[in-house]
Amino acid sequence: MKSATKLRVALAFPNVYSVGIASLGFQLVYWMFNNLPDVCCERVFLPDPVDLKEHIRTGVEPFTLETQSPLADFDVIGFSLTFEMDYLNVLRILRMANLPVRSVERDKRHPLVIAGGPCATFNPEPLADFIDAFVVGDAEDVIPDLTKCIMSHLNVDRSQQLSALAALPSVYVPLVPGKVVRAFCKSLYKQNSKSCICTSESEFGEIELVEVARGCGRGCRFCVTGWVNRPPRNRLLPQEVFEKKIGLVGAAVFDHPGTLDLCR
């Protein structure tokens, strides 16, 4: 299906819908892309087990929720990497979409495959042979520049596309290695902090998720969040009245200095 927009992005969560749509990070990235001019972002998930068997049996490719478009129709496939156990599902989705799994086998005829999220930040190497580019760190300040870069290099060779992406300070391109600086959003308080989609099909039901803080200052050795999101940043308390149940998202929610006001 053709689109009037200049850039089509398929945002993929490599797990089933009920898990993926419960990810606030996934929802926020979906919101960020769709709030940019000339960008259309659609969602795709790993089919549920019963549907997955049917996809494999019939050879039907994964398709997006919004327009039921196959992934090959998009300019970009963006994976949200939240759990290491989902790495195999990334490869499964690419294979089911009849796209080359290894990045060296893809060219400008294929969508760019980009990944972000906690796993892309703390160790992208396990998927380095399969992902064209990783966003390292916070997405808020990277996505606008990333989008502009991709849109200005849509019709050039893949090597030129990757070189242009590698020039962005917080983008790691395994085939064009260079120094990468973790993206750190200093103005987090200005960014959207809550769900844009609430559904009973989510693991959290119709709860509106709200990010209270990002990172944690406790420094526990076993916790990735406390190390990849330093220093921790607290969100400003929401001023609106929520009509639904809310779910507070953060590594240490009650470390927020406004906890009592938040509870009230």
Side-chain angles (χ1 to χ4, degrees), residues 11-16 18-32 46 78-90 114-128 130-131 133-143 169-172 174 179-195 202-205 207-238 245-263:
L11 185 61
F13 195 95
N15 209 310
V16 297
S18 60
V19 175
I21 205 64
S23 168
L24 181 57
F26 178 83
Q27 288 204 28
L28 291 178
V29 171
Y30 175 69
W31 181 89
M32 290 176 213
L46 185 74
F79 282 99
S80 179
L81 302 179
T82 304
F83 309 107
E84 292 171 293
M85 296 298 290
D86 287 340
Y87 286 178
L88 293 178
N89 290 335
V90 172
I114 295 175
C119 292
T121 296
F122 75 75
N123 185 14
E125 290 307 315
L127 287 175
F130 314 104
I131 303 296
F134 295 88
V135 174
V136 178
D138 297 330
E140 282 83 357
D141 294 337
V142 179
I143 285 181
S170 300
V171 175
Y172 168 48
K179 185 176 180 180
V180 180
V181 179
R182 174 183 62 112
F184 183 81
C185 183
K186 296 180 180 179
S187 58
L188 191 63
Y189 63 93
K190 296 181 180 179
Q191 306 293 335
N192 183 28
S193 64
K194 60 182 182 179
S195 303
S202 166
E203 288 292 343
F204 294 133
I207 293 176
E208 187 160 5
L209 301 177
V210 179
E211 186 179 40
V212 175
R214 187 171 299 179
C216 176
R218 295 177 179 267
C220 301
R221 291 290 180 180
F222 59 82
C223 180
V224 168
T225 298
W227 294 94
V228 300
N229 283 316
R230 287 191 165 192
R233 287 148 291 165
N234 294 312
R235 292 273 198 175
L236 296 179
L237 296 183
K245 290 183 179 179
I246 64 171
L248 306 179
V249 178
V253 169
F254 290 105
D255 282 358
H256 194 289
T259 293
L260 290 179
D261 291 331
L262 182 62
C263 290

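Residues: numbered from 1 along the sequence shown. FYI, side chains are in, hydrogens and waters are out, and symmetry mates aren't considered; it's all heavy atoms of this structure.
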Closest contact, heavy atoms only, Pro232 versus Gly217: CG-N, 3.7 Å
Residue pairs involving residues 180-189 (criterion salt bridge (charged side-chain N to carboxylate O under 4.0 Å, His left out); sequence neighbours excluded): none
Nearest-0.5 Å distance, CG of residue Asn192 to CE of residue Met32: 7.5 Å
Qualifying residues under side-chain contact (heavy atoms from CB on, under 4.5 Å), relative to Ile207, sequence neighbours excluded: Phe204, Leu209, Lys245
Gap between atom CG of Asn15 and atom CE of Met85 - 0.5 Å precision: 10.5 Å
Within 6.0 Å of CZ in Arg230, more than 12 heavy atoms from elsewhere: yes
Shortest non-hydrogen separation from Gly137 to Thr121 and the atoms involved: N-OG1, 2.9 Å
Working for side chain to side chain contact (heavy atoms under 4.5 Å, CB included), residues Asp138 and Arg214: CA-CA 10 Å; Asp138 297 330; Arg214 187 171 299 179; 3.2 Å; yes
Gap separating the CG atom of Asn123 from the CD atom of Glu84, nearest 0.5 angstrom: 7.5 Å
Where Ala251 and Thr225 come nearest, the two heavy atoms and their spacing: CB-CG2, 3.7 Å
N/O donor-acceptor pair under 3.5 Å between Ser193 side chain and Val210 backbone: no
Check: Phe222 main-chain N/O paired with Trp227 side-chain donor or acceptor under 3.5 Å: no
Flag, side chain of Ser170 to backbone of Val181, donor-acceptor distance under 3.5 Å: yes
Minimum heavy-atom distance Pro257-Asn234, with the two atoms named: CD-ND2, 3.2 Å
Derivation of the side chain to side chain contact (heavy atoms under 4.5 Å, CB included) call for Leu81 and Asp86: CA-CA 7 Å; Leu81 302 179; Asp86 287 340; over 6 Å; no
For the student: nearest non-hydrogen atoms of Val19 and Phe83, plus distance: CG1-CE1, 4.2 Å
Aromatic ring pairing Tyr172/Phe134, orientation class (parallel under 30°, perpendicular over 60°, tilted between): parallel
Side-chain (Arg235) to main-chain (Leu188) donor-acceptor, under 3.5 angstrom: yes
Heavy-atom donor-acceptor pair, Arg233 side chain to Cys185 backbone, under 3.5 Å: yes
Minimum side-chain heavy-atom gap His256-Leu262 below 4.5 Å: no
Distance, nearest 0.5 Å, that separates CZ of Phe13 from CG of Asn89: 10.0 Å
Backbone N/O of Phe26 and side chain of Ser23: donor-acceptor pair under 3.5 Å: yes
N/O donor-acceptor pair under 3.5 Å between Gln27 side chain and Ala22 backbone: no
Exercise: identify the closest heavy-atom pair between Leu248 and Val212: CB-CG2, 3.7 Å
